[in-house]
Novice: 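Just passing along the structure, written as structure tokens.
Each ligand, and each atom within it, is numbered from 1 in the order the structure gives.
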Amino acid sequence: MNPTPTVQEDTPARTALPQNTLHAAIVDPQMDSMRLLSETAMKFPDALSFSSGAPYDGTHDIANLSVHIDRYVKHLRDQGVPEQRITRMLFQYGPVNGFIQGEVAKMLQHDEDIDVPAEAIMITHGFQEATLVALRGLFASPDDVLLSVSPAYVGIRGAARMLDIPVKGIVEGPNGLEPEAVAAAARAVRAEGKRPVALYLVPDFSNPSGTVVPLEARQRLLDVAAEEGLKILEDNPYGLFARDGEKMPTLKSLDTRGDVLYLGSFAKSAFPGARLGYLVADQIVESEDGGRRTLAQELSKAKAMFSVGSSSLSQAAIGGILVENDYDLRSATRELAAVYQERLAVTLDALAAHFPPERYAEHQVRWNVPRGGFFLTVEVGFAADLAAMERSARDFGVSWAPMSMFYIDGGGDRELRLGFSNLAPDAIREGIARLVRFIESEARS
Ligand SMILES: Cc1ncc(COP(=O)(O)O)c(C=O)c1O
């Protein structure tokens, strides 16, 4: 496979730029893994795709975009905001940290029991920018190290790499990141003369593994953070979709010492095309002249230079959704949560029907059983790399993601990730039947 995008043959030689003159992060093949994965999957458009984590898009309706924006504008008018100011909010450059922080604060209070003032929130260009801003602010020296759950969402390793921040992976267990493993990793980093600064994790239905950190471990993680002087970067795009009665408190809602920065995304709770997320950073920063600002306010200097500000149109649309739903996204997403729960159950049932767990010794295939989220992982008896994925898509009509893409320091060579969020139940059943044929064929070869 050719990883380099093709260019016109007649491109003048003088415009050619040796790749190795670019920043190492641009050249690093790991940074390109997601593009390669989606390109490989796209080469086989008839293949059923378990390779992405795209949200279910069956209810999207273009007409709703203007409804959401109109709803937000009405909300401003109802609050007595002058017409000229509303026009300026939508059309002009706006405040760097955004203008819907108040609405997001109400949603966080309602849905997550996170009680922070609007000044502690920065509206960002998705989770991704929230991460870049947080990392840029917290990591001050080349010796500062980010600890991350491994396997991890590619966005965290990529953001750290783009900022030249070294990452130490901590391999999770069946219940996600183990607090004592975090403490050990922090000590190991310190023993090398470096400083562990922050810890990244997704406590609820992690991507890629679907794990959930139990309550006791959450409390212990907060204690470890305090003992080791770590900030926690809590990423939570999937927690909203927990089954009724199973929702866990976020680390941020349990954080009494100000050790957690919460990274939010509207990609799954509203729609990813808005490219909207937020950073909750309520820590107080004291300047030498005695000034006191929230960390979110202080970090607006970074956001200003990354993106100037977040899209006014997206803020108005998401603001409209929040207002329409009385700041209760949990209730607003119950039907969506049921869709994801059904897809998870169908995937698990189909796997168990084809590979009875009691006959593991024969088929050598096993998987984890998450209680929510968009993903699960399957262990197989052969190298589940991108070349295998290509054979799977080309010859068997089903694509998936190699787990090795998500491990920080290597691992997951015989594991694959199944993302079932955007496949209807019948497509899931057919996709698993195809996957079974592929796995059986690999086992024979
Ligand atoms: C763990 C995790 N964090 C964050 C996101 C969303 O990021 P963004 O808001 O940048 O789309 C995703 C989406 O795939 C994810 O899986």
Novice: Is there a side chain to side chain donor-acceptor pair (under 3.5 Å) between Lys268 and Thr333? Walk through the geometry before answering.
Specialist: CA-CA 10 Å; Lys268 310 291 149 88; Thr333 53; over 6 Å; no

Novice: Note the single closest protein heavy atom to atom 15 (C) of ligand 1, along with its residue, its atom name and the distance in Å.
Specialist: Tyr238 OH, 3.4 Å

Novice: Identify the protein heavy atom lying closest to atom 7 (O) of ligand 1, giving its residue, its atom name and the separation to 0.1 Å.
Specialist: Phe127 CB, 3.3 Å

Novice: What are the atoms of ligand 1, with element, lying closer than 4.0 Å to any heavy atom of Asn207?
Specialist: 1 (C), 15 (C), 16 (O)

Novice: Which residues pass the side-chain hydrogen bond (donor to acceptor under 3.5 Å, both in side chains) test with Asp61, sequence neighbours left out?
Specialist: none

Novice: Pull out every atom of ligand 1 sitting under 4.0 Å from any heavy atom of Gly126, numbered as shown with elements.
Specialist: 9 (O), 10 (O)

Novice: Within the structure, does Gln128 bring an N/O atom to less than 3.5 angstrom of an N/O atom in ligand 1?
Specialist: yes

Novice: So that I can tick it off, tell me whether Arg220 and Glu180 are bridged by a salt bridge, with the cut-off set at under 4.0 angstrom between side-chain N and carboxylate O.
Specialist: yes

Novice: Tell me: protein heavy atom nearest atom 12 (C) of ligand 1, and distance?
Specialist: Tyr153 CZ, 3.6 Å

Novice: Salt bridge check, Glu227 against Arg187: does any charged N sit closer than 4.0 Å to a carboxylate O?
Specialist: no

Novice: Going by heavy-atom distance to atom 6 (C) of ligand 1, choose the closest among Gly264, Ser265, Pro55, Ser421.
Specialist: Ser265

Novice: Can you list the atoms of ligand 1 that are under 4.0 Å from a heavy atom of Arg275?
Specialist: 8 (P), 10 (O), 11 (O)

Novice: Considering heavy atoms of the protein only, find what lies nearest to atom 14 (O) of ligand 1 and give residue, atom and distance to 0.1 Å.
Specialist: Lys268 NZ, 3.0 Å

Novice: Provide the number and element of each atom of ligand 1 under 4.0 Å from a heavy atom of Ala267.
Specialist: 11 (O)

Novice: Using distance only, find each side-chain donor-acceptor pair of residues 157-169 under 3.5 Å and give its atom names and separation, not counting sequence neighbours.
Specialist:
unit_1 : atom_1 : unit_2 : atom_2 : d
Arg157 : NH1    : Tyr407 : O      : 2.8
Arg157 : NH2    : Met405 : O      : 2.9
Arg161 : NE     : Asp28  : OD2    : 2.9
Asp164 : OD1    : His23  : NE2    : 3.0
Asp164 : OD2    : His23  : NE2    : 3.2

Novice: Between Glu430 and Arg434, is there a side-chain N and carboxylate O pair less than 4.0 Å apart?
Specialist: yes

Novice: Would Asp235 count as a polar contact of ligand 1, with the cut-off being nitrogen or oxygen pairs under 3.5 Å?
Specialist: yes

Novice: With a 3.5 Å cut-off and no angle check, do the side chains of Glu172 and Thr211 form a donor-acceptor pair?
Specialist: yes

Novice: In terms of atom number and element, which parts of ligand 1 are under 4.0 angstrom from non-hydrogen atoms of Pro237?
Specialist: 1 (C), 2 (C), 3 (N), 4 (C), 15 (C)

Novice: Do Leu222 and Val260 have side chains that approach each other closer than 4.5 Å (heavy atoms only, starting at C-beta)?
Specialist: yes

